Each structure stands twice: as structure tokens, then as C-alpha cells.
Engineer: 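Please see the structure below; I have some questions.
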2 protein chains.
Amino acid sequence: MALKQLPVLRQRGECCVLPAVDVGWAEEAANLMKALADPTRLTMVAALWKAKSPICICDFTADLELSQSTISHHMARLKEAGLVDSEKDSIWTYYRLRHDLAPSTRKLLGQLIA
Amino acid sequence: MALKQLPVLRQRGECCVLPAVDVGWAEEAANLMKALADPTRLTMVAALWKAKSPICICDFTADLELSQSTISHHMARLKEAGLVDSEKDSIWTYYRLRHDLAPSTRKLLGQLIA
DNA sequence: ACAAGGCATCGACGATTGTCGATGGGTTGT
DNA sequence: ACAACCCATCGACAATCGTCGATGCCTTGT
């Protein structure tokens, strides 16, 4: 006799084909997300986004209630992620968003912040 | 005699005013970023984004090279972040992107994935 | 020469995360 | 009744993360 039809289309144990997702993209996008996955770093990025002039570490240290080393550490992470740029001027180190951000990254930040 | 003018506008030890960044926004946005800050979860979200029909855990378990418990764990995180929805159908649990995602979140995902 | 300030780096610490195997509950076919 | 399958949850473990204080290097003002 014929097998009884299941109420769903797919047989038990069979799995449908997933939409292809590029592994490289996932890796890269996850790195960007990780860089942004912290309130302090997000605040920094948003501040740099809004103030189109560079900001030094001492500015953030004064505003955010964290130690200078922590602030510096977070900024280093943003720099390592390719989001910010730094420039020394006498005793200060000024940070700004990189002017050569990938357009997609810039759009994403705009969507996130604005 | 008058103090010598520094070559920069700001006096030593003084800090400029940072653009205001909402603390609540930073918290919330960071939570969203954390949910997306993993290649596996990003792959899942992208797959759900592209395939507009629900996908069950076994689909991901078959495709991604991770244990079933890990897949389930990641999906639970996405659900906790309010990104996905689940529905049981016989032995399967189907997941899909929440249809009531905040418009800003939806735009962000679109920008990130597409 | 000296003191003071800005900053990066180091080492340490508890907290969180990603992963696994094991277990158990629920559903279906035999 | 039983076996097979899907799935969520638990406990464990190593790895990473966020934070701090201490230290040392530059730069600048006295």
C-alpha cells in the first residue's frame, strides 16, 4: 500500500536547501558588528559621526565615566576594526572616522546612528 | 606680560564638549550589535532574510558545521534579541524573521545583508 | 632640569561567550 | 510498546572581553 502522506511537504529527516550565505561575508560583517557591540564604542562612534571635527581621548575620558586606559583600549579596538583614524598633535591624539570608509559601512553607520 | 598663545585653540587640560549621545540608544543598539556579532548568527539571519519561508533548526544543523545544541543556542539568542520568531509544527520548530521588526532594524538588516 | 599632563601598553581580574556532549521531553511511524 | 527523530536545556570548558591600576614615553610649561 502507498505511504500515508504527511501533512507537511517535507519528509521526516529531510531538510530543505538553505539560501546560500557567503562565509567570507559573514566573517567580515561579524567583525564589524563586534567592533560596534559595546555601548562605549558605539557612543564614541556616534560622537565622531556627529562632530565632524576630530576628538581626543581626554574628551571621552572626561565625558564617559571610565578610566583613561579603558577609553584608550576601546579606541584601539575601533582603530583595529578600520573605523577610526588617529593623528597626534602635541600632547593630544585626535581621532576621527576614517574618511575612506567603505560606502556600505558608512551607510550602515548612518542607518544605525541617524 | 600676556600669556603666550598656544598653537592650538584649546588650552592644556581643557576638553571640548562632545556631541550628546543618548545613553539609552547606545545600550539598545549595542544589544542589537551583540546579537549580530557572530558569523553563525549572521548567517542564520541572512538565510532567514533571503528565504522568506520559515526554516527549522535541522536545516541549519545540516548546513552549518556545528552541533545541534550550538545551533539551537544561537537561535535562542536571536530570539531573545527580538529578531526571530518560532513556531512548532509536529516535530520541527520553524524560525523566521519577526514580521514586526522595528523599521530601523529592518533597514539596518537590509543594509547589512543586501 | 624639572614637573605635569596626555596617552599607549601591560598584567590582572571577574564576566561573558562559543562550543560541546549528555539528557530528557515531545511527536511520529512501525 | 517501541524506536527514531527534532529540539531545548544543562553543565562544563577554553577563549575572549571589559575594566582597572600601574608604568613609562612624549610633549609642554616653568
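Naming convention: chains lettered A, B, ... in sequence-line order (proteins, then strands); numbering from 1 in each chain. For clarity, every value in this text was computed on a predicted model and none was experimentally measured.
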Engineer: Testing the basics here: between Thr43(A) and Ala26(B), what is the closest heavy-atom pair and its distance to 0.1 Å?
Structural biologist: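 Shortest heavy-atom separation between Thr43(A) and Ala26(B) comes out as OG1-CB, 3.5 Å.
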Engineer: One thing to verify: whether Asp85(A) and Arg98(A) come together as a salt bridge, which I'm taking to mean a side-chain N less than 4.0 angstrom from a carboxylate O.
Structural biologist: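 Result for this pair is no, no salt bridge flagged.
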Engineer: Does dA8(D) have OP1 or OP2 sitting under 4.0 Å from an N or O in the side chain of Tyr95(B)?
Structural biologist: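 Yes, Tyr95(B) has a side-chain N/O under 4.0 Å of OP1/OP2 on dA8(D).
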Engineer: Are Ser72(B) and Ser69(B) linked by a side-chain donor-acceptor pair shorter than 3.5 Å?
Structural biologist: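 The criterion, which ignores hydrogens and geometry beyond distance, is not satisfied for Ser69(B) and Ser72(B).
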Engineer: Taking the side chain of Ser72(B) as heavy atoms from C-beta outward, which of dC7(C), dT28(D), dA8(D) is closest to it?
Structural biologist: dA8(D)
Engineer: For Tyr94(B) and dA8(D), give me the distance from atom OH to atom P, rounded to whole Å.
Structural biologist: 13 Å
Engineer: Which nucleotide sits closest to the side chain of Thr40(B): dT19(C), dG18(D), dG5(C)?
Structural biologist: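 Looking only at heavy atoms from C-beta outward on Thr40(B), the closest nucleotide is dT19(C).
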Engineer: Reckon Phe60(A) touches a base, only the sugar-phosphate, or nothing at all at heavy-atom distances under 4.0 Å?
Structural biologist: nothing
Engineer: Does the side chain of Ser90(A) get closer than 4.0 angstrom to OP1 or OP2 of dT27(D) through an N or O atom?
Structural biologist: no
Engineer: Between Ala37(A) and Ser69(A), just flag the one whose closest nucleotide in DNA chain D comes earlier from the 5' side.
Structural biologist: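 Upstream on the strand: Ala37(A).
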Engineer: May I ask you to verify whether the side chain of Thr70(A) and the base of dG18(D) hold a donor-acceptor pair under 3.5 Å?
Structural biologist: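 Looking at the base of dG18(D), it does not pair with any donor or acceptor on the side chain of Thr70(A) (distance under 3.5 Å).
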Engineer: Would you mind classifying the nucleic acid contact of Ile71(B) as base, sugar-phosphate or nothing, using non-hydrogen atoms under 4.0 angstrom?
Structural biologist: nothing
Engineer: How long is the line joining NZ of Lys34(A) and P of dG18(D), in whole Å?
Structural biologist: 11 Å
Engineer: With a 4.5 Å limit on heavy-atom distance, are the side chains of Lys50(B) and Ile113(B) in contact?
Structural biologist: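 Answer yes - side chains close enough.
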Engineer: Arg77(B) side chain: which of dT19(D), dG18(C), dC6(D) is closest?
Structural biologist: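 Shortest atom-to-atom distance from the side chain points to dG18(C).
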Engineer: When you get a sec, tell me which of dG18(C), dC20(D), dC7(C) is the closest nucleotide to the side chain of Leu66(A)?
Structural biologist: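 That would be dC20(D).
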Engineer: Distance check needed: dC7(C) C1' versus Met44(A) CE, whole Å only.
Structural biologist: 13 Å
Engineer: Using a 4.0 Å heavy-atom cut-off, does Thr93(A) contact any base of the nucleic acid, only the sugar-phosphate backbone, or nothing at all?
Structural biologist: sugar-phosphate
Engineer: Tell me the interatomic distance from Asp38(A), atom CG, to dA15(C), atom P, rounded to whole angstroms.
Structural biologist: 17 Å
Engineer: Grab the CG-C1' distance between Asp89(A) and dC26(D) for me, whole Å please.
Structural biologist: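 Result: 13 Å.
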Engineer: Please report, rounded to the nearest Å, how far the P atom of dT16(D) is from the CD atom of Glu80(A).
Structural biologist: 12 Å
Engineer: Rounding to an integer number of Å, can you tell me how far Ile55(A) CD1 sits from dG6(C) P?
Structural biologist: 16 Å
Engineer: From the list dC20(D), dG5(C), dC7(C), which nucleotide is the closest neighbour of the side chain of Cys58(A)?
Structural biologist: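 Looking only at side-chain atoms, Cys58(A) lies closest to dC7(C).
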Engineer: Just to be sure I understand the rule, does His74(A) reach a base, reach only the sugar-phosphate, or reach nothing, if contact means heavy atoms closer than 4.0 Å?
Structural biologist: sugar-phosphate
Engineer: Using a 4.5 Å cut-off on heavy atoms from C-beta on, say whether the side chain of Thr70(A) contacts that of Thr61(A).
Structural biologist: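 No - every pair of side-chain heavy atoms lies 4.5 Å or more apart.
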Engineer: Nearest to the side chain of Trp92(A), which nucleotide is it out of dT9(D), dT27(C), dG6(C)?
Structural biologist: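 Closest nucleotide to the Trp92(A) side chain: dG6(C).
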Engineer: What integer distance in Å separates Lys88(A):NZ from dG5(C):C1'?
Structural biologist: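 Taking NZ of Lys88(A) and C1' of dG5(C), I get 12 Å after rounding.
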